[in-house]
Student: 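Quick one: structure below, then a few questions.
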Amino acid sequence: LVDEDGAISEERIASLEKHALLNAIHHSGKADVGAVISKVMGDFPELRSRAKLIIGIAQEMVVKVNALSVEDQERLLKEKYPESMVEQQRKEGRVGLPPLPDVEGKVVLRLPPEPSGFMHIGHAMAGVINFTYKEIYKGELWLRFEDTNPRKVAKRYYESFREGYRWLGINWDEEKNVSDDLEIIYDHGKKLLKSGSAYACACKADTVKKLRFDGKSCDHREQSVEKNLSIWESILAKRFKEGEYVIRLKGDIGSLDYSLRDPNIFRIIQHEHPVTRDRFIVWPTYDFAVVVEDEICRVTHILRSAEFHSALQDTIRKLLSFLPVHIHQFSRFNFRGTPVQKRLLRPLVEKRLVSGWDDPRMPTIEAIRRRGILGETIKQFTLQVGYTKSEHEYDWSLLFSINRKLLDPKVKRFFFVPNPVKLTVSGAANRSVTLPFHPEKYLGMRKIDTSNAFYVPRDDIEKMKVGQTFRLMELYNVELTSKKDFEARFIGDELIKDTVRLQWVTTKKIEIKVIEPYQLFNDDGTYNTDSIKITMGYAESAFSEAHMDEIVQFPRYGFCRVDEDGVCILVHK
Ligand SMILES: [Zn+2]
């Protein structure tokens with residue numbers, strides 16, 4: 001980070017490469033040197049005094065970049081500079097949150113999770129959007145559990161959402177369960193029966209399905225209001241069993257939108273509910289409950305992903321003479337190789353292809369936290385990408401680059417040697433070095449006593465030739481004298497330009513197992529059998545100070561979170 005020997009730092013070279021790639025992509029693969037230089041000078045004005053050198057490097061870089069195909073340029077940009085993708089998204093008009101339309105008076109928003117599974121990254125991003133608008137407009141935010149299917153909901157899922165939102169720094173003003181309001185929802189159901197907009201149907205589920213498919217109605221549709229009301233009372237009095245009756249909305253049986261073909265709005269579910277126990281057996285369907293609850297909560301703006309039955313909810317709202325709500329739908333947040341759908345994830349848990357719902361490869365908030373992603377990262381990521389109506393698949397790399405920027409200035413760095421090999425150094429006196437845990441910020445120091453024995457990464461040594469000089473980082477320079485026996489000799493202290501620098505630990509070391517999570521599914525939708533890798537290595541002895549859950553950086557390896565004693569999870573490189 002410091003220009004130890006006056007060289008142009010890697011960061012500035014990277015900026016040159018990034019701008020060369022961006023410029024090339026926007027000009028049919030051919031970058032312009034002048035444009036690239038002015039961008040880099042803009043980023044780093046201090047480079048103006050070294051213009052000649054920069055021009056030379058830029059020319060070389062542009063020749064290299066222009067020799068690539070546009071596809072390769074794009075791939076390289078995405079791999080090495082994922083943050084620049086935001087510039088691309090800005091061009092496509094997909095950055096940040098647009099102002100909320102139709103704001104008159106107080107803005108009321110809601111987070112309506114169904115506690116039937118663990119909170120995942122899609123819920124988190126929708127949560128950030130709603131919360132951000134609440135903050136901007138000084139509005140009110142509800143946390144409302146859509147818990148009207150007792151067979152699916154469970155206590156631990158309610159808590160998963162509460163914890164997840166708290167972790168994201170999302171504060172809600174009011175909280176309720178839809179199951180608290182069942183009797184109010186019943187009243188609205190009764191209203192529809194009374195007005196002839198709903199009816200009790202005793203057809204078997206299969207029959208309803210077939211009739212619905214054919215666009216045909218059953219005889220129950222023509223039943224009198226009196227008969228419907230009396231059946232309704234009997235249903236509420238628990239005189240019928242599950243499957244014997246449902247309440248259906250009189251929709252449009254011939255509609256092209258199947259959700260409007262007389263959908264169920266109430267059904268009997270004989271299953272204990274985690275909150276109301278066995279008090280109720282009549283449960284509203286999701287769409288019906290949501291509409292009634294939005295009215296009860298006086299919600300003004302709904303911001304949600306587009307997997308809901310909009311037309312059906314509008315119909316119900318009109319039939320009940322509720323005030324209109326401003327609805328903004330956005331496409332679901334999809335991440336490459338990491339679907340959030342339970343039907344795709346549950347088999348992995350059941351077949352033990354993952355260690356559980358909190359396996360670091362999973363998209364649940366529990367997993368993402370365990371992996372070492374910060375709540376602030378999800379927030380910044382969401383606000384950067386904004387939301388879009390068209391389907392879009394996000395790449396984890398942009399999220400990782402935000403996380404890296406947040407972690408870099410505040411986590412301790414420890415020496416870590418993956419796949420270690422013992423290196424014997426001759427000609428050096430034992431030393432005692434005191435090094436800070438961070439090069440710029442004071443996060444404490446540690447003292448390391450060296451002898452002639454070190455551990456260094458096997459891969460690095462194997463790439464070297466006998467006679468090659470390298471530096472044991474922050475210590476001194478050595479020359480490799482034997483590759484077979486892993487021997488080297490001391491050759492001096494002074495920094496030498498462009499020397500390979502190796503991480504090292506002394507014989508006082510701690511054995512660490514690092515779990516490296518990768519993309520869960522291949523691009524063709526199959527389970528990626530290489531989605532977990534294990535690396536064994538040695539950390540320096542000071543690493544014993546790192547506490548459970550701490551995130552650290554192992555320079556040249558990656559950021560890691562301490563998961564348990566002797567086990568770390570790789571957050572990202
Ligand atoms: Zn029927």
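In listed order, ligands and their atoms are each counted from 1. Quick caveat, the model's predicted, so the values are computed rather than measured.
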Student: Examine the side chains of E393 and N334 and answer whether a donor and an acceptor come within less than 3.5 Å of each other.
Tutor: no
Student: With a 3.5 Å distance limit and no angle check, can you tell me whether R561 reaches the backbone of L570 through a side-chain donor-acceptor pair?
Tutor: no
Student: Can you list the protein N, O or S atoms less than 2.8 Å from the Zn ion (ligand 1)?
Tutor: C201 SG, C203 SG, C218 SG, H220 ND1
Student: May I have the step-by-step check of side chain to side chain contact (heavy atoms under 4.5 Å, CB included) for V299 and R144, ending in yes or no?
Tutor: CA-CA 11 Å; V299 169; R144 198 178 72 206; 4.3 Å; yes
Student: Report the residues that fulfil ring pair (Phe, Tyr, Trp, His ring centres under 6.0 Å) with F333, sequence neighbours left out, ordered by chain and then residue number.
Tutor: F330
Student: So, E516 and Y557: side-chain donor and acceptor under 3.5 Å apart, yes or no?
Tutor: yes
Student: Establish, from distance only, whether the side-chain atoms of Y199 and D262 form a donor-acceptor pair under 3.5 Å.
Tutor: yes
